[in-house]
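Residue numbers start from 1 in every chain, and the chains themselves are labelled A, B, ... in the order their sequence lines are given, proteins ahead of strands. These numbers were taken from a predicted model, which means no experiment stands behind them.
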Number of protein chains: 2
Amino acid sequence: MGMEATAWPTNLPEDLRAHLPEGLADGVFPAGCPSRTVLDHITSKWGVLILLALSEGEQRWSELRRRAEGISEKMLAQTLKTLERDGLVLRKAQPVIPPRVDYSLTERGYELSGLLVPLVTWAYNNADDILNGQR
Amino acid sequence: MGMEATAWPTNLPEDLRAHLPEGLADGVFPAGCPSRTVLDHITSKWGVLILLALSEGEQRWSELRRRAEGISEKMLAQTLKTLERDGLVLRKAQPVIPPRVDYSLTERGYELSGLLVPLVTWAYNNADDILNGQR
DNA sequence: TAAGGTACTCACCTTTTGGTAAGTTATGGG
DNA sequence: CCCATAACTTACCAAAAGGTGAGTACCTTA
């Protein structure tokens, strides 16, 4: 309400639509499904931002902290651990003092970032329109 | 550790990478940025699932409840309200008893779902590998 | 001797998110 | 008269996410 929201026609030709894989073809994810867990990791508030930052190349802890503006050390550690466990992020610690740790995307993580970047870009480009259109 | 995570080379030719828009070219979202808010809406646990379900066409409240398996009525209402406010979902209520309400994607919502579907598909295809590769 | 740098962990507390169960609406059918 | 129905709302509570500030390790530099 307040904005001219137009409905998208439901009867588009099949080949103009993005396709869901079989098994969730009707949009149903089984509730306990592993993909729900993975989806939660990769769409988490800080997860997206970290993957995004790393899509620009290998970075140190402190650099990631700067890029994911507003993240706490606790959440940075937690998020990196989850992504590392998921095989999306690679941690390389050098045994020097003061410590130096470099984070980068794995091949799988890089593949994922290729899907995340368009999404974030879209959010960035549409954010003002979306939030202004609210009565 | 436990899995053979290989690092992706950092020095790829520029044109093989997905690109971030300027303004977040170095991967920094300003902390209070509107796009953070929008991103939170569209990557929320239930938001993704609802947008996904609606990418298959117009649906009633009760149908959405079934498809987003495990969602409570409270969260369904809340999620739909947010997406409607954001101009991504269109609500059409018919003044009949018992009530009938149909939800569909707006043009903007449809555009978004085109980016979300590949992401969810990726999660679906990779979920088992990811969760099994964890020591 | 003391301070500084880096990458963390931990305990404690607050805030946000989410679930449950009940109530609401108005009408048509038994 | 009373129940069922669809799409909600509300109050209350539990769980999860997240912030804060302190502490740790160890070597280097001043």
Side-chain angles (χ1 to χ4, degrees), chain A residues 1 7 29-33 36-51 53-54 58-86 89-104, chain B residues 1 29-33 36-51 53-54 57-86 89-104:
Chain A
M1 2 173 146
F29 272 57
C33 191
R36 289 250 189 131
T37 305
V38 171
L39 203 54
D40 283 351
H41 292 177
I42 67 183
T43 62
S44 74
K45 182 182 168 75
W46 298 117
V48 174
L49 261 43
I50 295 299
L51 289 167
L54 287 176
E58 185 176 79
Q59 277 153 77
R60 301 180 63 171
W61 164 279
S62 48
E63 177 65 7
L64 285 172
R65 231 208 132 173
R66 200 185 57 78
R67 293 206 179 191
E69 203 185 284
I71 199 172
S72 67
E73 301 203 325
K74 182 182 147 183
M75 288 315 295
L76 180 53
Q78 201 176 106
T79 305
L80 283 170
K81 239 176 230 170
T82 301
L83 296 177
E84 197 197 347
R85 262 181 77 86
D86 286 352
V89 162
L90 188 67
R91 181 180 181 274
K92 281 185 294 185
Q94 296 174 36
V96 296
I97 297 279
R100 175 185 179 119
V101 182
D102 293 291
Y103 291 93
S104 54
Chain B
M1 5 173 147
F29 271 56
C33 190
R36 289 250 189 129
T37 306
V38 171
L39 204 54
D40 283 350
H41 292 178
I42 65 182
T43 62
S44 74
K45 183 182 167 77
W46 298 118
V48 174
L49 261 43
I50 295 299
L51 288 167
L54 287 176
E58 184 175 81
Q59 278 155 75
R60 300 181 64 173
W61 164 278
S62 46
E63 178 65 7
L64 285 173
R65 234 208 129 173
R66 198 185 58 79
R67 294 206 178 192
E69 204 186 282
I71 198 171
S72 66
E73 300 202 325
K74 182 183 146 183
M75 287 313 296
L76 180 55
Q78 201 176 105
T79 304
L80 283 170
K81 239 177 230 171
T82 300
L83 296 177
E84 198 197 347
R85 263 182 74 87
D86 286 350
V89 161
L90 188 67
R91 180 180 181 274
K92 280 184 293 184
Q94 294 175 40
V96 296
I97 297 278
R100 176 186 180 118
V101 183
D102 293 291
Y103 291 93
S104 53

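For A:M75, the side-chain atoms get nearest to D:dG18 when compared with the rest of D:dA7, C:dG18, D:dG18. Of the candidate nucleotides C:dG18, D:dG19, C:dT9, C:dT9 has the atom nearest to the side chain of A:K81.
Rounded to whole Å, atom P of D:dC8 lies 14 Å from atom NZ of B:K92. Separating the NZ atom of B:K74 from the P atom of D:dA14 is a distance of 13 Å, rounded to the nearest angstrom. In this entry the distance linking CG of B:D40 with P of D:dA17 reads 14 Å, nearest Å. Atom-to-atom, CG of A:L80 to P of C:dT9 comes out at 10 Å; the value is rounded to the nearest Å. B:D102 has its CG atom 15 Å from the C1' atom of D:dC8, to the nearest Å. Note: CD (A:Q78) to P (C:dC8) measures 14 Å, nearest angstrom. Atom-to-atom, CZ of A:R100 to P of C:dG4 comes out at 23 Å; the value is rounded to the nearest Å. Atoms CG (B:L76) and P (C:dT17) sit 17 Å apart, rounded to a whole Å.
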Report the C-alpha separation of B:I50 and B:L80 in whole Å, then their side-chain angles, then the decisive distance to 0.1 Å, and conclude whether the side-chain contact (heavy atoms from CB on, under 4.5 Å) test is met.
CA-CA 8 Å; B:I50 295 299; B:L80 283 170; 3.8 Å; yes
I would like to know whether B:L90 and B:E58 meet side-chain contact (heavy atoms from CB on, under 4.5 Å); could you show each step before the answer?
CA-CA 9 Å; B:L90 188 67; B:E58 184 175 81; over 6 Å; no
Does the pair B:L54 and B:L64 meet the rule for a side-chain contact (heavy atoms from CB on, under 4.5 Å), with working shown?
CA-CA 8 Å; B:L54 287 176; B:L64 285 173; 3.8 Å; yes
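To the nearest 0.5 Å, the span separating CG on B:L76 from OG on B:S62 amounts to 9.5 Å. Remark: A:R66 CZ to A:I71 CD1 distance equals 13.5 Å, nearest 0.5 Å. Separating the CG atom in B:L39 from the OG1 atom in A:T43 is a distance of 9.5 Å, to the nearest 0.5 Å. With rounding to the nearest 0.5 Å, the separation of CZ in B:R67 from CG in B:L49 is 11.5 Å.
Between A:R91 and C:dC8, a side-chain N or O to OP1/OP2 separation shorter than 4.0 Å is present. Residue B:Y103 places at least one side-chain N or O under 4.0 Å from the OP1 or OP2 atom of D:dC8.
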Give every pair of a protein N or O atom and an N or O atom of nucleotides 22-30 of chain C that lie under 3.5 Å apart, one pair per line with the distance.
none

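Listed by residue number, the members of residues 59-69 of chain A with any heavy atom below 4.0 angstrom from DNA chain C are A:R60, A:W61, A:S62.
No donor-acceptor pair closer than 3.5 Å links the side chain of B:R91 to the backbone N or O of B:E84.
Listed by chain and number, the residues in a salt bridge (charged side-chain N to carboxylate O under 4.0 Å, His left out) with A:R65 are A:E73 (sequence neighbours excluded).
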